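Here the structure is laid out as structure tokens; the discussion comes afterwards.
As the structure is a computational prediction, the values presented were derived from the model and not from experiment. First listed ligand is number 1; within each ligand, the first listed atom is number 1. Computed from heavy atoms alone, side chains included, the values below leave out hydrogens, waters and symmetry copies.
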Amino acid sequence: MSLSPLDLGSVRTPVEVADRLSDAIGLGPGDLLVKRDDLLGPGGGGNKIRKLEWTCAEALAVGADTLVTSGAAQSNHARLTAAAGARLGLRVVLVLAGRPDDDAQGNLLLDALFGARVVWAGDVDAPGLRAAADLVLADLRSEGATPFLVPFGGSSPSSVRGYADAGAELAEQVPDVRHVVVALGSGGTMAGLVSTLGAERVLGIHCGAVPDPRSAVAGLLLDRPVARDSLRIRTDQVGTSYGDLAEPAWRAVLLAGRTEGLVLEPTYTGRALAGLVAAVRDGDVRRGERTVLVHTGGLPGLFGHHEARRRLRELARNGG
Ligand SMILES: *Cc1c(COP(=O)(O)O)cnc(C)c1O
């Protein structure tokens with residue numbers, strides 16, 4: 001079956017010069033550009049929209065009436081699946097790691113706004129989360145529904161095409177791009193970019209969402225033959241764990257806010273910028289080399305992150 005993507009509001013996103021940030025991290029004028037994929041689609045926006053345009057097309061093609069997906073409590077992917085479901089008139093069930101929270105924040109508030117049902121899976125690992133999602137699918141089927149499972153992080157061989165297209169768009173906008181820096185979560189975004197831009201130009205910053213980021217990305221690559229070992233992946237920005245605040249990522253969040261008025265967050269985009277800072281420091285990215293930081297979104301995650309919220313409150317109390 002040949003599939004074409006739905007229109008969930010993905011657009012040709014702008015690429016903006018970020019000279020003040022460029023200078024602050026040791027690059028030159030015009031070296032650093034930001035691709036604003038945080039501006040994509042409904043639901044507050046973000047990279048998952050480009051992938052959902054493919055997975056939701058698959059869901060509709062098989063006659064689904066309910067989208068089911070899973071993730072962390074503050075999953076941006078879950079939030080955007082909820083928004084996509086609302087737009088398409090599909091029911092959405094989110095299977096999230098953790099427990100009900102009386103003080104829900106960030107993405108969880110938007111999940112509720114979009115009318116998604118949340119099923120809490122407790123303190124589970126990835127296989128446990130998958131098992132909880134399978135139970136939900138079975139329950140829905142027994143109730144007569146036709147559920148469709150959107151994979152973890154929305155990354156599947158078909159949805160990776162959304163980012164292969166984004167890579168082609170970027171190559172048109174910035175033909176001399178030398179480095180494309182992107183947060184690596186479930187891996188589909190990086191895999192798509194590599195499929196059109198080539199492994200040598202894409203630098204993925206592992207955020208700790210999967211145990212083996214190289215296998216995750218390699219397993220999602222499209223037609224283009226890429227040696228697994230040639231994938232450029234930094235694993236030095238995770239810190240203690242996916243959900244914890246890593247100091248370099250927090251410094252990157254502040255730096256982007258204070259040089260460009262850009263909102264990053266500590267889980268993905270803050271780590272991506274921190275990875276770029278580290279790459280400049282160790283000479284992997286050099287002055288004079290055109291570099292694009294992909295802003296993948298995630299703004300609600302800033303307000304859903306307990307420690308980030310605490311630090312922002314402290315800044316606010318001290319007058320900035
Ligand atoms: C999910 C996500 C990523 C990572 O994308 P993957 O395709 O899962 O690797 C990056 N940034 C943000 C803000 C995200 O929500």
Side-chain angles (χ1 to χ4, degrees), residues 13 34-41 43-55 69-84 94 106-107 110-111 126 150-167 180-195 202-222 231 233-235 237-238 242-243 249 252-253 256 262-276 293-305 308:
T13 53
V34 178
K35 176 125 173 102
R36 297 291 307 276
D37 272 16
D38 56 316
L39 301 178
L40 285 174
N47 65 328
K48 301 305 179 314
I49 293 294
R50 291 193 195 262
K51 300 197 276 183
L52 282 162
E53 291 189 329
W54 289 88
T55 35
T69 200
S70 62
Q74 284 298 327
S75 167
N76 296 305
H77 162 67
R79 180 241 315 166
L80 289 168
T81 302
L94 305 175
N107 280 299
L110 294 175
D111 297 341
V150 182
F152 178 77
S155 290
S156 64
S158 64
S159 72
V160 163
R161 298 199 176 277
Y163 264 90
D165 291 347
V180 177
V181 182
V182 68
L184 192 179
S186 60
T189 303
M190 178 174 180
L193 292 171
V194 166
S195 298
V202 182
L203 175 60
I205 313 298
H206 174 46
C207 298
V210 292
D212 180 353
R214 188 169 298 275
S215 299
V217 175
L220 289 163
L221 290 167
L222 296 175
L231 292 168
I233 295 174
R234 286 192 85 100
T235 57
Q237 299 303 322
V238 176
Y242 169 78
V253 169
L262 279 175
V263 186
L264 307 186
E265 41 65 49
T267 307
Y268 291 105
T269 53
R271 284 189 170 114
L273 176 55
L276 172 58
L293 177 69
V294 183
H295 191 330
T296 42
L299 187 150
L302 178 63
F303 302 111
H305 196 290

- Note on the structure: Going by the 4.0 angstrom heavy-atom rule, the piece of Met190 near ligand 1 is neither

- Query: Do any nitrogen or oxygen atoms of Tyr268 come within less than 3.5 Å of a nitrogen or oxygen of ligand 1?
  - Reply: no

- Do Arg271 and Pro266 come within less than 4.5 Å of each other through their side chains, counting heavy atoms only? no

- Message: I'd like to check Leu193 versus Val182 (side-chain heavy atoms, cut-off strictly below 4.5 Å). Are they in contact?
- Response: yes

- Query: Can you tell me if Ser155 uses its side chain to pair, donor with acceptor, with the backbone of Pro151 under 3.5 Å?
  - Reply: no

- Message: As an exercise, identify every atom of ligand 1 less than 4.0 angstrom from a heavy atom of Ala183.
- Response: 4 (C), 10 (C)

- Message: Between Thr13 and Lys35, is there a side-chain donor-acceptor contact under 3.5 Å, judged purely by atom types and distance?
- Response: yes

- Item | Which residue and heavy atom of the protein sit nearest atom 10 (C) of ligand 1, plus the separation | Thr296 OG1, 3.3 Å

- Lys48 contact mode with ligand 1 (heavy-atom cut-off under 4.0 Å): side chain

- Of all the atoms in ligand 1, which lie at a distance below 4.0 Å from a heavy atom belonging to Asn76? 13 (C), 14 (C), 15 (O)

- Any N or O of Thr189 closer than 3.5 Å to N or O of ligand 1: yes

- Message: At less than 4.0 angstrom from any non-hydrogen atom of Gly297, what atoms of ligand 1 do you find?
- Response: 13 (C)

- Task: Decide yes or no for Val217 and Leu184: does some side-chain heavy atom of the first lie under 4.5 Å from some side-chain heavy atom of the second?
- Result: yes

- Task: Would you mind listing which atoms of ligand 1 come within a distance below 4.0 Å of any non-hydrogen atom of Lys51?
- Result: 6 (P), 7 (O), 8 (O)

- Take Phe303 and Leu299, measure what side-chain contact (heavy atoms from CB on, under 4.5 Å) needs, and give me the verdict at the end. CA-CA 7 Å; Phe303 302 111; Leu299 187 150; 3.5 Å; yes

- Item | Smallest separation among heavy atoms of Ala82 and Leu94, with atom names | CB-CD1, 4.4 Å

- Task: Would you mind telling me if ligand 1 is within reach of the side chain of Asn47, the backbone, both or neither, using heavy atoms under 4.0 Å?
- Result: side chain

- Task: May I ask whether Gly46 has any heavy atom positioned less than 4.0 angstrom from an atom of ligand 1?
- Result: no

- Do any nitrogen or oxygen atoms of Gly185 come within less than 3.5 Å of a nitrogen or oxygen of ligand 1? yes

- If we number the atoms of ligand 1 from 1 as shown, the ones under 4.0 Å from a heavy atom of Gly298 are 13 (C)

- With side chains defined as the heavy atoms from C-beta onward, is the minimum distance between His305 and Thr267 less than 4.5 Å? yes

- Query: Taking only heavy atoms of Gly188, which atoms of ligand 1 are found under 4.0 Å from at least one of them?
  - Reply: 7 (O), 9 (O)

- Query: To the nearest 0.1 Å, how far is atom 8 (O) of ligand 1 from its closest protein heavy atom, and which atom is that?
  - Reply: Ser186 OG, 2.6 Å

- Taking side chain as C-beta onward, heavy atoms only, is Asn47 less than 4.5 Å from His295? no

- Would you find a donor on one side and an acceptor on the other, under 3.5 Å apart, between the side chain of Thr69 and the backbone of Ala78? no

